[in-house]
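Reviewing the structure listed below.
Just the heavy atoms: all of them, side chains too, but no hydrogens, waters or symmetry mates, feed the values below. For ligands, and for the atoms within them, numbers begin at 1 and follow the listed sequence.
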Amino acid sequence: MLKDKNIILGVCGSIAAYKSAILVRLLIKAGANVKVILTADAANFITPLTLATLSKNPVYTQYFEEETGVWSNHVELGLWADYMVIAPLSANTLAKMAGGLCDNLLSAVYLSAKCPVFVAPAMDLDMWRHESTQQNTDKIKSYGNVVIAPNNGELASGLYGAGRMAEPEEIVDFLNTAIQKDLPFLGKKVLVTAGPTYEAIDPVRFIGNHSSGKMGFAIADQFAKLGAEVTLITGPTEQKSQHKLKRIDVVSAAQMLEACEQEFGDADVMVMSAAVADYTPVTIAGQKIKKTDESLSIELTKTKDILAALGRSKTTAQILVGFALETEKEEDHAKEKLMKKNLDLIVLNSLNDKGAGFKTDTNKITIFNKAFEKTVFDIKSKTEVAKDICLEILKLIPA
Ligand code: CTP
């Protein structure tokens with residue numbers, strides 16, 4: 001599970017910091033790439049040299065090296081990580097995470113990271129039981145962080161009770177289980193298209209459509225969240241991805257086709273949610289077209305149907321999902337496209353449904369499978385709709 005995964009291990013000031021050496025060794029043994037960030041206090045408990053030697057990477061303690069001025073870019077570190085683990089997590093860093101404070105490299109990387117974050121608190125019994133600590137723990141859980149609960153046992157203070165950091169072996173087991181459970185698409189390559197395409201008429205004009213790219217980006221993000229290795233091919237859009245993925249920007253239908261054909265070969269799943277232009281001008285004027293005549297005709301030619309082309313080349317192991325945006329006889333048209341384009345699923349949205357379609361933050365979908373069995377979903381946010389789509393696709397993947 002952890003093989004080849006990039007893990008940032010944050011270590012806070014706590015006597016349990018000595019266990020981070022064992023944790024690093026176990027992560028490295030499991031095949032992970034580990035980079036360690038120490039807070040200033042943590043460096044009093046365990047030396048950077050120990051952790052650098054075990055992790056085979058430099059240890060980060062501050063934003064820049066005082067002697068060389070070399071800058072430790074927190075955003076880059078955050079983006080490098082597939083997982084962030086903070087063990088031990090002190091009450092102080094926990095409070096900072098809950099409040100969004102950012103006064104050292106560890107908290108800056110935490111705020112920049114887009115990956116799942118696991119924390120293993122370690123503190124004295126009364127500190128752990130304190131109402132503020134419990135509230136902070138609930139708060140960081142509500143942000144999506146995963147808390148690996150401390151154990152009961154003898155504490156550094158001599159007291160006995162909850163507050164002992166989970167053992168390194170338990171943390172690694174926890175990570176493996178969580179990754180398996182929460183990341184059902186781990187190891188799967190998923191290709192998603194999003195947005196409109198622009199078909200140039202002349203150097204300043206194009207034929208486009210109202211697609212905002214919101215639905216496709218939400219699907220790509222959801223797949224990434226569920227552990228897939230995602231490639232997102234997108235037409236012109238303002239959207240930004242929230243997760244780590246490979247993004248390929250294209251403009252025209254022809255460019256989208258080329259990118260899709262290049263990436264489809266080793267994809268396990270492909271979701272074609274882009275609103276690809278069906279027609280494109282036969283020629284693109286070299287100069288801006290002047291308004292000389294009363295009327296103007298632009299000859300258009302059909303673009304190649306990307307989805308249909310992929311449907312012809314797909315293997316039985318590949319899952320191909322298309323979209324149908326319809327205004328009439330919605331279900332009939334959707335089922336026809338499902339068959340004609342050799343799809344495994346088709347996601348229908350009707351412009352007759354309020355809150356569905358372009359530019360809205362919501363969508364209402366119906367999904368048909370090959371057997372024409374339909375699943376009707378309520379109107380939901382595009383993020384939730386994306387999750388529904390991913391989970392329907394998951395049903396088609398053998399366990
Ligand atoms: N699509 C595609 N390539 C195109 C046109 C559409 O891959 N050149 C894909 C869309 O991304 C979508 C599906 O085909 O997943 C359905 O698109 P749609 O335009 O509704 O279907 P068409 O078959 O083009 O039919 P029509 O425009 O007549 O509704």
- Task: Give every residue pair that meets the salt bridge (Lys or Arg N to Asp or Glu O under 4.0 Å) criterion with at least one member in residues 126-143, sequence neighbours excluded.
- Result: Asp126-Arg129
- Please write out which residues are connected to Leu320 in a hydrophobic cluster, directly or through intermediates, given that two of Ile, Leu, Val, Met, Phe, Trp, Tyr count as joined at side-chain heavy-atom separations below 4.5 angstrom. Leu191, Ile233, Ile248, Val250, Met256, Leu257, Phe264, Met270, Met272, Val276, Ile306, Leu307, Leu310, Leu338, Met339, Leu343, Ile346, Leu348, Phe368, Phe372
- Between the main-chain N or O of Ala274 and the side-chain N or O of Thr193, is there a donor-acceptor pair closer than 3.5 Å? yes
- Show the protein residues that qualify under the rule heavy atom under 4.0 Å from an atom of ligand 1, listing them in chain and number order. Met272, Ala274, Val276, Ala277, Asp278, Thr303, Lys304, Asp305, Ile306, Leu307, Gly322, Phe323, Lys337, Lys341
- Message: If hydrophobic residues (ILVMFWY) are linked whenever their side-chain heavy atoms come closer than 4.5 Å, directly or via other members, who joins Leu300 in its cluster?
- Response: Ile201, Ile207, Tyr279, Ile289, Leu296, Ile298
- Message: Around atom CD of Gln180, are there more than 12 heavy atoms from other residues, nucleotides or ligands closer than 6.0 Å?
- Response: no
- Item | Neighbour count >12 (heavy atoms, 6.0 Å) for atom NZ, Lys225 | no
